[in-house]
Each structure stands twice: as C-alpha cells, then as structure tokens.
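Computed from a prediction, not measured in an experiment: that's the story for all the values here.
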Amino acid sequence: MLLVTPVPAPLPRSGQPVTRQGRHERLPDSVTLARHRTARLATAWAYPHLAGDVALVTSELMTNALLHGSLRGRLIRVRISTTAATLRLEVSDPRSERLPCAREATGDDRFGRGLLLVGALADDWGVGPRVGVGKTVWAEWSLGLTRCGGDLHTRTRK
C-alpha cells in the first residue's frame, strides 16, 4: 500500500524546498512503486537527466530498507525533495541498530554492491537518525545552482 502525503506543488526553483513523500509496507511492488514515483518527480521537477540515477538509487535504498531495516507493522518512508541547489532522496526505516556500510564485493559475491552504486550515481550519500525511531539513508545530487545575493548562479564543478 502506498500512502502519499499531499504537498503543494510550487516550482522547485522558487527558493522554497519542494517535497513529496510516500510510505510503503513490505510488499512485493513497494520498490517498483517508489522507483517509478521518484523518477517521475525528478522529471516533473525539470531534472530528467537525473531520473534514471534517482530511480536506481531509490531501488537500492528501498531494497536495503526492506531487507535489513523493516519491522512487521512499521512503514518505510521515501521522501524526495528539491531546492535550487540540491535534489535529495531519503529512505527511512525503523531499525537504527542496523546501519548501512559500503563493502567491497568480490566477483563471486551475489550481494554487496548496492551502496557502491549509490556512491557512484549520487554526488553524496549518508545515514543519520530518523525523527522518532530508526534511521534515514539519504542521497543527494547537486543541481549546479547556488544562491548569491538572492540570485541563482550556475556553480561549476572542479
């Protein structure tokens, strides 16, 4: 079941953050629903060039939350937000004692590459406490814009 919290839809470049979130139970299609929703929002917010990366990172973080962070009867929250400078994806689950850790997978390992993909596709990622109980794993993409004296300016990468 997907529960969506309605949020007004101003343009993301208005200076105010724009946020959408959904809550997911441990169901077979939860990862697919979250992946499609975040990719659609990235595209709708005028970042179609990030939609594929956002979708794949959503899949990885949702799968990790379902496999390692879910508890019966507790929902997993997916939140995507944007400001003028950043697109941010957050996946929150109720298990704060099980923190994600990127590891080196060997050629024979079937699992263990997800967080390496997240690190390769997003500009930054990390984990922190969830409001209430649990943890939030996040990934961010720089949008190449920064505020300078109230005006938006393109930021160049080194």
Closest heavy-atom pair and its distance - [X], [Y]:
{"X": "Arg130", "Y": "Pro94", "result": "NH1-N, 3.4 Å"}
{"X": "Ala42", "Y": "Ala51", "result": "CB-CA, 4.1 Å"}
{"X": "Gly114", "Y": "Glu60", "result": "CA-OE1, 3.1 Å"}
{"X": "Val57", "Y": "Ala139", "result": "CG1-CB, 3.8 Å"}
{"X": "Met62", "Y": "Ser30", "result": "CE-O, 3.8 Å"}

> Tell me, do Leu89 and Val78 make a side-chain contact under 4.5 Å, heavy atoms counted?
Replying inline: yes
Could you tell me which residues satisfy side-chain contact (heavy atoms from CB on, under 4.5 Å) with [X], sequence neighbours excluded, listed by chain and number?
{"X": "Glu90", "value": "Arg77, Arg79, Arg88, Thr136, Trp138"}
{"X": "Val127", "value": "Leu99, Pro100, Lys135, Val137"}
{"X": "Leu50", "value": "Tyr47, Val54, Leu87, Trp141, Leu143"}

Quick check for you: to the nearest 0.5 Å, what is the distance between [X] atom [atom1] and [Y] atom [atom2]?
{"X": "Leu75", "Y": "Ser92", "atom1": "CG", "atom2": "OG", "answer": "11.5 Å"}
{"X": "Leu33", "Y": "Thr38", "atom1": "CG", "atom2": "OG1", "answer": "10.5 Å"}
{"X": "Arg37", "Y": "Thr32", "atom1": "CZ", "atom2": "OG1", "answer": "15.0 Å"}
{"X": "Asp53", "Y": "Leu117", "atom1": "CG", "atom2": "CG", "answer": "10.0 Å"}

> Checking side-chain contact (heavy atoms from CB on, under 4.5 Å) for the pair Ile80/Thr58: CA distance, chi angles, key distance, verdict?
Replying inline: CA-CA 10 Å; Ile80 184 170; Thr58 300; over 6 Å; no
